[in-house]
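Encoded as structure tokens, the structure appears first; notes follow it.
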Amino acid sequence: MFKRLLLMLPTFVVATLFILLTGDCTGRTDSSSAVPRRTAYPRIELYDSVYRPVSLTLPVRIMVNDSTTVDIASHGDAATWIDVRYPRYGATLRLTLSRLEGDSLFTAIANRRERIALNAGGLRSTVTELTAPNGLSSEIVATPGAMVTPLQIIATDSTGLLFTGALEMPPALPGNDAEYYMPIVEGVERDLIHMAKNLTAE
């Protein structure tokens, strides 16, 4: 009976029925173009938020992560270089403590702000302003997209001390981008905020 009905129907109707019966009835469309997935990076284990003061005698109390190593080099009476190294991250927080007076201080502040802007390279940045209870006023500039110096700090008591620094990241490995290093940036930013909150002139 079914075959007899098919013979009575026009050819185009039979073709239509064949397509409907053998085609995909789920309503899905075939797509041969795969959507690329986001790169899955291995999780970087951050250091605990445990801190200690820099042990050597300085005119400013500086708190650093307890898992870091610190190297201090004096460059005359005007400047002290402080390298805070994060062994697990391969990154170094390079800090400079300067003693300046009068116009020299404000000129140095202006120059440092210009350098911070150049290092950011026009990328999106956030600024965190902090003032220690009995210390210095600080600005922490975070530029996650900057692969070389994603974190920078400037602090001063506006009378004679200038404290500046930048996080120097390790050379980028092939295939790694700013997102890969994001946990490191966030971990060191947490440490910088703690440092700024406790930055006190001795």
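In what follows, every heavy atom counts, from backbone to side chain, and hydrogens, waters and symmetry copies are set aside.
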* **Residue pair F163 / L199, side-chain heavy-atom distance below 4.5 Å** => yes
* After noting the C-alpha distance and the side-chain angles of Y51 and N65, does the key distance pass the side-chain contact (heavy atoms from CB on, under 4.5 Å) rule? -> CA-CA 4 Å; Y51 303 97; N65 192 292; 4.2 Å; yes
* **D157 (side chain) donor-acceptor with T159 (main chain) under 3.5 angstrom** => yes
* Asked: Does the gap between the ring centers of Y89 and Y181 come in under 6.0 Å?
  -> no
* Asked: Do you know which two heavy atoms are closest between P170 and G90, and how far apart they sit?
  -> CB-O, 3.3 Å
Give every donor-acceptor pair under 3.5 Å between a side-chain atom in residues 139-155 and any protein atom, sequence neighbours left out.
unit_1	atom_1	unit_2	atom_2	d
E139	OE1	R113	NH1	2.8
E139	OE2	R113	NH1	3.4
T143	OG1	S125	OG	2.7
Q152	OE1	N119	ND2	2.9
Q152	NE2	I116	O	3.2

* Go through the structure and list residues passing side chain to side chain contact (heavy atoms under 4.5 Å, CB included) with D83, not counting sequence neighbours. => D71, R85, T92, R94
* To do: Given side-chain contact (heavy atoms from CB on, under 4.5 Å), test I109 with R112 step by step and report yes or no.
  => CA-CA 5 Å; I109 291 173; R112 188 58 201 174; 5.8 Å; no
* Within one Ile-Leu-Val-Met-Phe-Trp-Tyr cluster: M182 and L46, side-chain cutoff 4.5 Å -> no
* Would you name the heavy atoms of S67 and P87 that are closest together and state the gap between them? => O-CD, 3.9 Å
* Should L130 and I193 count as side-chain neighbours, where that means a heavy-atom distance under 4.5 Å? -> yes
* Asked: Side chains of Y180 and I44: does their closest heavy-atom pair fall under 4.5 Å?
  -> yes
* **Note, D191 side chain near M63 side chain (heavy atom, < 4.5 Å)** => no
* Heavy-atom side-chain contact between L97 and V60 under 4.5 Å -> yes
* Determine yes or no for a side-chain-to-main-chain donor-acceptor pair under 3.5 angstrom, with T107 supplying the side chain and D103 the backbone. => yes
* Asked: Is the shortest heavy-atom distance from the side chain of E129 to the side chain of S138 under 4.5 Å?
  -> no
* Rounded distance [0.5 Å steps], CZ in R124 versus OG1 in T126 -> 8.5 Å
* Asked: What is the distance from atom OG1 of T80 to atom CD1 of I62, rounded to the nearest 0.5 Å?
  -> 9.0 Å
* Report whether L100 and L136 are members of the same hydrophobic cluster (ILVMFWY, side-chain heavy atoms less than 4.5 Å apart, transitive linking). => no
* To do: Using atom types as modelled and distance alone, determine if a side-chain donor or acceptor of T156 lies under 3.5 Å from a backbone N or O of L161.
  => yes
* **Candidate pair R52 and V70, rule side-chain contact (heavy atoms from CB on, under 4.5 Å), full reasoning** => CA-CA 11 Å; R52 73 178 192 278; V70 180; 3.7 Å; yes
* **Taking every non-hydrogen atom, the tightest pair across L105 and S158** => CD2-C, 3.6 Å
* **Expected output: side-chain R61 to main-chain T200 donor-acceptor under 3.5 Å** => no
* Asked: Are M195 and I184 in one and the same hydrophobic cluster, where Ile, Leu, Val, Met, Phe, Trp and Tyr link if side-chain heavy atoms are under 4.5 Å apart?
  -> yes
